[in-house]
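From a predicted model like this one, the values you see are computed outputs, not experimental measurements.
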Amino acid sequence: MSEPLVVGRIGRPHGIRGEISIDVRTDEPDTRFAAGTTIATDPAASGPLTVERTRWHSGRLLVRFTGIADRDAAEELRGVWLVVDPEDIPSSADPDDFHDRELIGLTVVTADGADVGRVADVLHHGQDVLVVDGPAGQTLVPFVTALVPEVDVPGGRLVIDPPPGLLDAP
């Protein structure tokens, strides 16, 4: 498996029959946590885990995994990350929806063709932000259409239209 993607983190047990609350980290919890789905874990020794059943309770996803029959067994899983192989996640049909793994590594150029660098990371802090490593150092570029008018994943590049000062060296 390449670098795994986190789809959830196991939280505290719910009740005494092995149900566990999940801190969901995916846009598709009903698909990722469908009954019968097997999910890898980090650390790997904790899994893989197979979903027996799920339900929503007070805005939280509760999951019962096969073989986790009581509160003590559920408590042992607290803090375990639930992960999937990125190759198992299909690309979105929405042309403006990208996975971080698709963006990281893209060459970044300005609208007039000047080399800016490469996307090193994508931060999610209320606003998605591209971390671009280039000759001038590291630059943070808000990932919005006004500043990033073109993303060409197959072509390996991303075009930015930076406002004055964005690319100035610190």
Side-chain angles (χ1 to χ4, degrees), residues 1-106 108 118-132 138 140-154 156 158:
M1 176 160 56
S2 54
E3 184 69 27
L5 296 176
V6 173
V7 294
R9 186 170 188 195
I10 296 178
R12 66 177 196 226
H14 180 82
I16 61 171
R17 295 192 173 99
E19 278 188 314
I20 304 170
S21 64
I22 302 295
D23 175 19
V24 176
R25 306 282 177 97
T26 176
D27 291 341
E28 300 174 335
D30 294 332
T31 301
R32 292 276 162 229
F33 298 101
T37 302
T38 299
I39 304 172
T41 60
D42 183 10
S46 298
L49 299 170
T50 301
V51 176
E52 189 173 298
R53 68 175 180 258
T54 62
R55 67 185 176 104
W56 289 93
H57 176 71
S58 298
R60 290 185 308 156
L61 180 64
L62 300 178
V63 176
R64 171 101 186 246
F65 292 107
T66 302
I68 307 301
D70 61 32
R71 186 176 188 87
D72 292 336
E75 182 63 42
E76 289 180 24
L77 293 173
R78 187 190 287 228
V80 169
W81 294 99
L82 302 169
V83 298
V84 297
D85 187 330
E87 300 304 317
D88 293 340
I89 298 176
S91 294
S92 173
D94 181 348
D96 293 325
D97 187 21
F98 303 96
H99 295 292
D100 293 358
R101 65 182 165 86
E102 294 175 302
L103 299 172
I104 294 172
L106 293 181
V108 180
R118 290 198 177 276
V119 177
D121 199 1
V122 181
L123 306 176
H124 305 281
H125 299 290
Q127 169 65 57
D128 294 340
V129 177
L130 301 172
V131 178
V132 179
Q138 198 170 70
L140 301 178
V141 179
F143 191 40
V144 295
T145 304
L147 299 179
V148 185
E150 182 182 339
V151 178
D152 180 7
V153 173
L158 183 143

Which residue, R60, R55, R71, forms the salt bridge (Lys or Arg N to Asp or Glu O under 4.0 Å) with E19?
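In the set R60, R55, R71, the residue that makes a salt bridge (Lys or Arg N to Asp or Glu O under 4.0 Å) with E19 is R55.
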Which atom pair, heavy atoms only, marks the closest approach of [X] to [Y]?
{"X": "E52", "Y": "T66", "answer": "OE1-CA, 3.6 Å"}
{"X": "R64", "Y": "A69", "answer": "NH2-CA, 3.7 Å"}
{"X": "Q127", "Y": "F143", "answer": "NE2-O, 3.5 Å"}
{"X": "G11", "Y": "I20", "answer": "O-CG2, 3.6 Å"}

Mind checking the [atom1]-[atom2] spacing from [X] to [Y]? Nearest 0.5 Å is all I need.
{"X": "L130", "Y": "L106", "atom1": "CG", "atom2": "CG", "answer": "9.0 Å"}
{"X": "L61", "Y": "D30", "atom1": "CG", "atom2": "CG", "answer": "8.0 Å"}
{"X": "I68", "Y": "E75", "atom1": "CD1", "atom2": "CD", "answer": "12.0 Å"}

Acceptor/donor pairs from residues 39-51 side chains to any protein atom, 3.5 angstrom cut, sequence neighbours excluded:
unit_1	atom_1	unit_2	atom_2	d
T41	OG1	P43	O	2.8
T41	OG1	G47	N	2.9
T50	OG1	T38	OG1	3.2

Which of these passes side-chain contact (heavy atoms from CB on, under 4.5 Å) with L82: V63, V6, V7?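 By the side-chain contact (heavy atoms from CB on, under 4.5 Å) criterion, L82 pairs with just one of V63, V6, V7: V7.
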| With a 4.5 Å heavy-atom cut-off, do D70 and I16 have their side chains touching? |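 They are not in side-chain contact.
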Verify the neighbour count for atom CZ of R17: are there more than 12 heavy atoms of other residues, nucleotides or ligands below 6.0 Å?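 Counting neighbours around CZ of R17, 12 or fewer heavy atoms of other residues, nucleotides or ligands fall under 6.0 Å, so no.
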Exercise for review: Show the numbers, then the answer: is there a side chain to side chain contact (heavy atoms under 4.5 Å, CB included) between V122 and V131?
Suggested key: CA-CA 6 Å; V122 181; V131 178; over 6 Å; no
Worksheet entry | side chain to side chain contact (heavy atoms under 4.5 Å, CB included) assessment of I22 paired with I10 | CA-CA 5 Å; I22 302 295; I10 296 178; 4.0 Å; yes
Query - Summary of ring-ring contact (aromatic ring centres under 6.0 Å, His included) pairs that have at least one residue in residues 37-63, sequence neighbours excluded - result: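 As it turns out, the ring-ring contact (aromatic ring centres under 6.0 Å, His included) pairs with a partner in residues 37-63, which skip direct neighbours, are H14-H57.
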Would you mind listing every ring-ring contact (aromatic ring centres under 6.0 Å, His included) that reaches into residues 24-53, with sequence neighbours excluded?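 Pairs touching residues 24-53 that pass the test: none.
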